[in-house]
Amino acid sequence: MIYTKIEEKRKENGKMLAVLVDPDKTDISAIRILTGKMKNSPPDFIFVGGSLIHESIGLVIEQLKQEMNVPVVLFPGNACQFSEKADALLFLSLISGRNPEYLIGQHVLSAYEIKKSRVEVISTGYILIDGGRPTSVQYVSNTMPIPHDKPDIAVATAIAGELIGNRVIYLEGGSGALYPVSEEMISSVRKSIGIPLIVGGGLRSADDMERAYRAGADLVVIGNILESRPEIYDELLAVRDSF
Ligand code: 1GP
């Protein structure tokens, strides 16, 4: 089970890396380049998802699974991005927002299909933080991110998410954010919750990733930078393994 793996790693103070494959931006040939790079030492997880609707999610997962042995976790932008080919699903509630569609609406639409599948469901409190420019998540979800310099709001939101029953909190700067979630915010949230903490958005280097880990992220998600610079993958792994 994916969640058990995350919890066990966290209890050993280990860190995890997820590589995001976004079908909005990545075609089959780009996936091949990336998987070629990662094949010998895969990341802990591959997350698959994006902001738009994609019929090809299942194909992307098939392709990934043909190329390498790695758990694939859905990170969906909407109810259409479900596939039973995935190993797990982050069932995201956008708890920083006040749009019922992303708090419960899309969940209801996909509930029957998810329930009858064998995909592991991980209920996730998804918290969008301002990363210096409007991002696709912000635009598509029609929600306001939490201001970058308001860790207290992020903390209260994360605590509420845990109390509601989410099993993971995800601090999201948004893909391509100008700057990632601050270390201060990550560490304040880390100290306030007892469940795993995922951080992503705008992390562009091994140093950025190390800062996020040191501040308390258990699992870091990297997207854009590996699409443009797959050669830094080994550096990212080295940072993960240094903990
Ligand atoms: C996952 O949205 C991120 O949380 C991915 O962001 O593409 O900026 O790495 P980047």
Side-chain angles (χ1 to χ4, degrees), residues 6 15-27 30-31 33-34 37-38 43-52 54 57 60 72-78 81 88-97 102 122 124-141 143 145-146 148 154 157-158 161 166 168-182 185-186 189 196-213 215-233 235-237 239-240:
I6 294 174
K15 302 293 184 184
M16 290 157 280
L17 168 65
V19 171
L20 174 65
V21 172
D22 180 348
D24 294 347
K25 294 183 272 174
T26 322
D27 60 16
I31 291 176
I33 296 174
L34 200 56
K37 187 74 203 149
M38 299 188 298
D44 298 276
F45 309 104
I46 292 199
F47 284 5
V48 177
S51 292
L52 304 177
H54 274 276
I57 286 269
V60 168
V72 174
V73 178
L74 289 167
F75 173 51
N78 54 61
Q81 291 183 8
L89 160 72
L90 295 183
F91 204 40
L92 305 171
S93 286
L94 183 49
I95 56 176
S96 53
Y102 291 91
I122 302 173
T124 303
Y126 188 52
I127 303 180
L128 183 60
I129 311 296
D130 180 39
R133 72 170 190 205
T135 56
S136 304
V137 188
Q138 181 182 343
Y139 178 79
V140 171
S141 68
T143 64
I146 293 175
H148 191 261
T157 308
N166 289 133
V168 170
I169 292 295
Y170 194 137
L171 285 179
E172 170 68 276
S175 189
L178 289 185
Y179 37 80
V181 179
S182 73
M185 190 178 278
I186 297 172
V189 168
L197 179 60
I198 303 178
V199 175
L203 296 159
R204 288 200 183 76
S205 64
D207 287 349
D208 283 350
M209 195 172 132
E210 184 167 3
R211 279 191 282 271
Y213 283 145
D218 300 302
L219 197 167
V220 157
V221 187
I222 303 285
N224 268 305
I225 193 66
L226 279 174
E227 282 159 30
S228 52
R229 297 185 56 212
E231 69 277 5
I232 71 161
Y233 178 70
E235 286 173 40
L236 302 183
L237 274 193
V239 169
R240 179 200 66 180

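Values below: all heavy atoms of this structure, side chains included; hydrogens, waters and symmetry mates excluded. One-based numbering, in listed order, for ligands and for the atoms of each.
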TODO: Spell out, as yes or no, whether a donor-acceptor pair under 3.5 Å connects the side chain of Q81 to the backbone of G50.
DONE: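 Yes, the answer is positive, given that a donor and an acceptor are paired below the 3.5 Å cut-off.
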TODO: Ignoring hydrogens and angles, tell me if any N or O in the side chain of H148 forms a donor-acceptor pair with the backbone of Y179 under 3.5 Å.
DONE: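 Not at all, since once roles are kept as given, no pair shorter than 3.5 Å links the two residues.
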- [ ] Please find out if less than 6.0 Å separates the ring center of F75 from that of Y170.
- [x]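 Yes - the distance between ring centres of F75 and Y170 falls below the 6.0 Å cut-off.
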Atoms in ligand 1 with a heavy atom of [X] nearer than 4.0 Å:
{"X": "G202", "answer": "6 (O), 8 (O), 10 (P)"}
{"X": "Y170", "answer": "1 (C), 4 (O)"}
{"X": "N224", "answer": "7 (O), 8 (O), 9 (O), 10 (P)"}

Task: Option among V221, I222, I225 that satisfies the side chain to side chain contact (heavy atoms under 4.5 Å, CB included) test with L203 - done: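 Filter result, single survivor: I222.
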Open item on the list: With a 4.0 Å cut-off on N to O distance, would you call D44 and K15 a salt bridge?
Closed with: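 Judged by the 4.0 Å cut-off on N to carboxylate O distance, D44 and K15 do not form a salt bridge.
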Open item on the list: Heavy-atom distances under 4.0 Å decide this one: backbone, side chain, both or neither, for F47 against ligand 1?
Closed with: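 Neither part.
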TODO: Determine whether the side chains of S93 and N166 contain a donor N or O and an acceptor N or O closer than 3.5 Å.
DONE: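 No pair is found: no donor N or O on one side chain lies under 3.5 Å from an acceptor on the other.
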Task: Protein residue, atom and distance nearest to atom 9 (O) of ligand 1, heavy-atom basis - done: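 Result for atom 9 (O) of ligand 1: G223 N, 2.8 Å.
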Task: Residue, atom name and distance, where the atom is the protein heavy atom closest to atom 5 (C) of ligand 1 - done: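 Going by distance alone, atom 5 (C) of ligand 1 is nearest to L20 CD2, 3.7 Å.
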Open item on the list: Quick check: G200 and ligand 1, any N/O pair under 3.5 Å apart?
Closed with: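 No, there is no polar N/O contact under 3.5 Å.
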TODO: Look only at interatomic distance and state if G176 has a nitrogen or oxygen under 3.5 Å from any nitrogen or oxygen of ligand 1.
DONE: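 Yes - when backbone and side-chain N and O of G176 are compared with those of ligand 1, one distance drops under 3.5 Å.
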